[in-house]
There are 2 protein chains.
Amino acid sequence: MSTHHYYQLQGYFRELIELKTLKSGSKLPSEREIGEQFKLTRVTVRQALQNLEAEGLIYRQNRKGWFVTPPAVIYNPSSHLSFNLYVTEQGFLPHTEKLMQQIEPANAYIAQLMNIAESAPVLYLHRRRYINQRPVLIEKMYINLNLLPGIEKEDLTQSLSQLLKNNYQREYRDMDLVFKSTSLPSSAANELGISAGQPGLHIERINYTDDKQVLEVDYEFWRHDAVNINIAIRD
Amino acid sequence: MSTHHYYQLQGYFRELIELKTLKSGSKLPSEREIGEQFKLTRVTVRQALQNLEAEGLIYRQNRKGWFVTPPAVIYNPSSHLSFNLYVTEQGFLPHTEKLMQQIEPANAYIAQLMNIAESAPVLYLHRRRYINQRPVLIEKMYINLNLLPGIEKEDLTQSLSQLLKNNYQREYRDMDLVFKSTSLPSSAANELGISAGQPGLHIERINYTDDKQVLEVDYEFWRHDAVNINIAIRD
DNA sequence: CAGTGGTCTAGACCACCAG
DNA sequence: TGGTGGTCTAGACCACTGC
């Protein structure tokens, strides 16, 4: 096992990355160059690279090349910090892009959660979020317009928790969270520039107000190598 | 994109699985048979199968074949239920196998957490856990012998939380959790029969007593397709 | 033993990116 | 336009499984 060619190649690059000879964000040689250097075919080179990708050490940009993965951000849902805040606090540069926004009728699941009629309007918001220019997260959310009337007129690239606090005197409190490690839906993978079949992290989050109403339902699709989850459970 | 051969093949099997024409746990045709049927080479067939594996729909048993993934268990750390209990409650059959057990000197990290001297003895326990005969989880834990003297003489394939409750009048309370979506260390992958480079879920857990002492530090390596994490955050 | 997946070769053409 | 990764072919040999 340890003698396989792809395995040795993984070890070679893993060492270069750990020693910082290959620095975070830098580009690897092309697959053909690596193959030439080690007398391997592209198939074998790609297997090694794909394994390192699954490990989270490198990632690819579609048809541009392979790059060393930058450090992951730590996401602690129980801290109630906004994306902008915790990313900034950890020394990274956050950025948010709105891909779509529309008022639409609630589906059965959302309506039931929000305790509204089954086609009552909710605000659907679809965003892409970046850390240091790298797209890491697709967010699709459904926002309760009964609790947050007029929110659709605000600038929805900003932090929602800030907006809630400043304009509605509301804050995130209780949450229900579901985590799944699975490949991303192809739409989200495309929007992140991830090739199909790569692993991802899927988070579903229900945010409640302090009086137990559902403020927002959130679906997050993360690059698996961009985030670690920390949670403290205190009863 | 949608016209690629491997993509169509994925759609074909995804549909069979969703329609339950291919039932949970059943075996797919061999890679060569699939290739013959669709006039594709094994490389292409394997790409489709590997993508479905990342999606969590199928998994492989080393050199035996590809199988339809059974439903995932829901793991809710905040419920404080033991593995045996939550697996059973969800209609599955749990099983635990002890791979190794020894008393060893604490490393710096563990010693600091447990507030003991740096080579004071701790109990190291290494287990493999199954759901319906399928190995899904490797557990490596360090147990505080100061708080649980003599625990090394007990049957350590049983539920630790039961043991703590019955023999030591202790219960799990607060926890710190870290989740990472990454490929598993090769040792854990081997013990689970997972081929290198497949994604996995890595959980680190620190368990505290009700008086804030560290009872146990736990490293869990899960098959990514075997578990969903649910957490309720209530401040 | 035959059949399985695991590894690997030596090519090919394509879509897309950068200069 | 030349170079990149993305997809794919048509083979081969090996290690291991199950009969």
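Letters A, B, ... are given to chains in the order of the sequence lines, protein chains preceding strands, and every chain is numbered from 1.
R60(B) has its CZ atom 13 Å from the C1' atom of dT4(C), to the nearest Å. We find that NE2 of H5(B) is positioned 12 Å from P of dT7(D), with the value rounded to whole Å. When rounded to the nearest whole Å, the span between NE2 of H4(B) and P of dC13(C) equals 16 Å. Summarising the geometry, the separation between CD on Q8(B) and C1' on dC8(D) is reported as 13 Å, rounded to the nearest angstrom.
Taking the centre and axis of the six-membered ring of F67(B), the NZ or CZ atom of R134(B) falls outside the cone set by 45° and 6.0 Å.
Under the salt bridge (Lys or Arg N to Asp or Glu O under 4.0 Å) criterion, R63(B) pairs with no residue at all, not counting sequence neighbours.
Legend: ring-ring contact (aromatic ring centres under 6.0 Å, His included) pairs involving residues 17-56 of chain B, not counting sequence neighbours, sorted by first then second residue: Y12(B)-F38(B).
For DNA chain D, the neighbouring residues in residues 46-56 of chain B, judged by any heavy atom under 4.0 Å, are Q47(B). Of the residues in residues 22-45 of chain A, those lying under 4.0 Å from DNA chain D by heavy-atom distance are S30(A), E31(A), R32(A), E33(A), R42(A).
Remark: side-chain polar atoms of Q198(B) are not paired, donor with acceptor, to backbone N or O of A54(B) under 3.5 angstrom.
With a 6.0 Å radius and a threshold of 12 heavy atoms from other residues, nucleotides or ligands, K180(B) has its NZ atom at or below the threshold. Other residues, nucleotides and ligands place no more than 12 heavy atoms under 6.0 Å from the CD atom of E15(B). Surrounding CD of Q158(B) are more than 12 heavy atoms belonging to other residues, nucleotides or ligands, all under 6.0 Å away. For E36(B), the CD atom sits in a loose shell: 12 or fewer heavy atoms of surrounding residues, nucleotides or ligands are nearer than 6.0 Å.
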Could you write out each protein N or O paired with an N or O of nucleotides 15-19 of chain D at a distance under 3.5 Å?
unit_1  : atom_1 : unit_2 : atom_2 : d
dA15(D) : N3     : R63(B) : NH1    : 3.1

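For the pair Y6(A) and dT7(C), the criterion of a side-chain N or O lying under 4.0 Å from OP1 or OP2 is met.
Ring planes of Y142(B) and Y219(B): perpendicular class, angle over 60° (limits at 30 and 60°). Note on ring orientation: taking the six-membered ring where Trp is involved, the planes of F83(A) and Y86(A) are perpendicular (angle over 60°, cut-offs 30° and 60°).
Here the shortest heavy-atom pairing between L184(A) and I194(A) reads CD1-CD1, 3.9 Å.
A side-chain donor from one of W66(B) and E31(B) sits under 3.5 Å from a side-chain acceptor of the other.
Axis angle across the helix from dC1(C)-dG18(D) to dA18(C)-dT1(D), with five pairs used at each end and values rounded to 10°: 10°.
In this structure, the side chains of N84(B) and R129(B) come closer than 4.5 Å at one or more pairs of heavy atoms.
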